[in-house]
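See below for the structure under consideration.
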Amino acid sequence: MADEETRSRGITVKIVTPEGQVYDQDQVEIAVINTQGGQLGIMAGHEPILAAMAIDEMLVKKDQQEKSLAVNGGVAEFSNNLLTVIADSAETADNIDVNRAESAKERAQVRLDHAQEIKNQHEMDMARVALMRAVNRIHVASIRSGR
């Protein structure tokens, strides 16, 4: 009985970035995060965790509706039915400017190509991260538009 009551209340999900809080929702049924160790589904009563986040989509399901967020790295902590994601950056699908993301993708690709030409490993690594972030934002925005 107590487990059913805990599950019915769900979890609270908070996402914060250096710019401030991006997302705050309670009574979430499940949050699906992508960590560097793989994908995790977190529901009420889940064991406490601390995990490094991947640059990837995060799903939050509440009231049978799914919300997609582009999360770009960071750390996730879950305990006492509170999931806190401290991300380098994060955006809900509704807030992603696809044109800006496409421009960022193009710039990152040019930067990566140049870094490969001059064999600058540090610059290649930075360009790859920028490219992954842009692709993630485009992917999450395309989910919103049904593409």
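Below, each value reflects all heavy atoms present in this structure, side chains not excepted, and no hydrogens, waters or symmetry copies. Note that the structure is predicted; figures quoted are calculated from it, not measured.
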Point to revise | Over 12 foreign heavy atoms within 6.0 Å of CE, M132 | key: yes
Exercise for review: Report the C-alpha separation of Q39 and D56 in whole Å, then their side-chain angles, then the decisive distance to 0.1 Å, and conclude whether the side chain to side chain contact (heavy atoms under 4.5 Å, CB included) test is met.
Suggested key: CA-CA 10 Å; Q39 191 175 69; D56 211 333; over 6 Å; no
Practice item. Determine whether V60 and I55 fall in the same hydrophobic cluster, where Ile, Leu, Val, Met, Phe, Trp and Tyr are linked whenever their side-chain heavy atoms lie under 4.5 Å apart. Key: no
Check your understanding: Can you name the closest pair of heavy atoms from V22 and A90 and give their distance?
Key -> CG1-O, 3.6 Å
Exercise for review: Over all heavy atoms of both residues, which pair between L59 and S68 is shortest? Give the atoms and the distance, please.
Suggested key: CD2-OG, 3.3 Å
Check your understanding: In terms of side-chain heavy atoms, does E77 have a donor or acceptor partner in T84 at a distance below 3.5 Å?
Key -> no
Revision key, fill the gap. In short, A101 meets A134 closest at the heavy-atom pair O-CB, 3.7 Å
Review point. Checking salt bridge (charged side-chain N to carboxylate O under 4.0 Å, His left out) for the pair D26/R9: CA distance, chi angles, key distance, verdict?
Key: CA-CA 8 Å; D26 60 0; R9 286 193 308 260; over 6 Å; no
**Study point:** Test item: N34 side-chain N/O and E57 main-chain N/O as donor-acceptor pair under 3.5 Å
**Key:** yes
Exercise for review: Report the hydrophobic cluster partners of V110, with the cluster defined as I, L, V, M, F, W, Y residues connected by side-chain heavy atoms closer than 4.5 angstrom, directly or transitively.
Suggested key: none
Point to revise | CD1-OG distance between I138 and S142, expressed to the nearest 0.5 angstrom | key: 8.5 Å
Exercise for review: Could you state whether L40 and I15 fall into the same hydrophobic cluster, counting links through intermediate Ile, Leu, Val, Met, Phe, Trp or Tyr residues with side-chain heavy atoms under 4.5 angstrom apart?
Suggested key: yes
Point to revise | Least distance between heavy atoms, A87 atom then V71 atom | key: CB-CG1, 3.9 Å
Exercise for review: Using a cut-off of 6.0 Å, state whether more than 12 heavy atoms not belonging to K62 lie near its atom NZ.
Suggested key: yes
Revision key, fill the gap. Rounded to the nearest 0.5 Å, the CD atom of E19 sits from the CG atom of D88 at a distance of 10.0 Å
Review point. Is atom CD of Q65 surrounded by more than 12 heavy atoms (other residues, nucleotides or ligands) closer than 6.0 Å?
Key: no
**Study point:** Nearest-0.5 Å distance that lies between atom CD1 in I33 and atom CZ in F78
**Key:** 10.0 Å
Review point. For the atom pair CG (N120) and CG (D125), what is the distance rounded to the nearest 0.5 Å?
Key: 9.0 Å
Point to revise | Donor-acceptor pair, side chain of N80 and main chain of L82, under 3.5 angstrom | key: no
Point to revise | Q21 and D24 side chains, donor-acceptor separation under 3.5 Å | key: yes
**Study point:** V140 and E91: CA distance, side-chain angles, deciding distance, side chain to side chain contact (heavy atoms under 4.5 Å, CB included) verdict
**Key:** CA-CA 9 Å; V140 170; E91 292 175 273; over 6 Å; no
Review point. What residue among Q116, E106, E123 forms side-chain hydrogen bond (donor to acceptor under 3.5 Å, both in side chains) with R111?
Key: E123
Check residues 42-50 and write down every donor-acceptor pair under 3.5 Å in which the side-chain atom is one partner and the other belongs to a residue at least two apart or another chain.
none

Practice item. Might you point out which heavy atoms bring Q36 and M53 nearest each other, and give the distance in Å? Key: NE2-O, 3.4 Å
Check your understanding: Is M124 isolated, or which residues cluster with it under the ILVMFWY side-chain rule of less than 4.5 Å, directly or via members?
Key -> L112, L131, V135
Exercise for review: Rounded to the nearest 0.5 Å, what's the gap from CG on L69 to OH on Y23? Could you check?
Suggested key: 6.5 Å
Practice item. Check whether any side-chain heavy atom of D94 lies under 4.5 Å from a side-chain heavy atom of K67, and answer yes or no. Key: yes
Point to revise | Electrostatic pair R137:D97 at N-O distance under 4.0 angstrom | key: no
Review point. Run the side chain to side chain contact (heavy atoms under 4.5 Å, CB included) check on N81 and T12 step by step: do they pass?
Key: CA-CA 6 Å; N81 290 330; T12 299; over 6 Å; no
Point to revise | Value rounded to 0.5 Å, distance of OG1 in T17 from CG in N72 | key: 10.5 Å
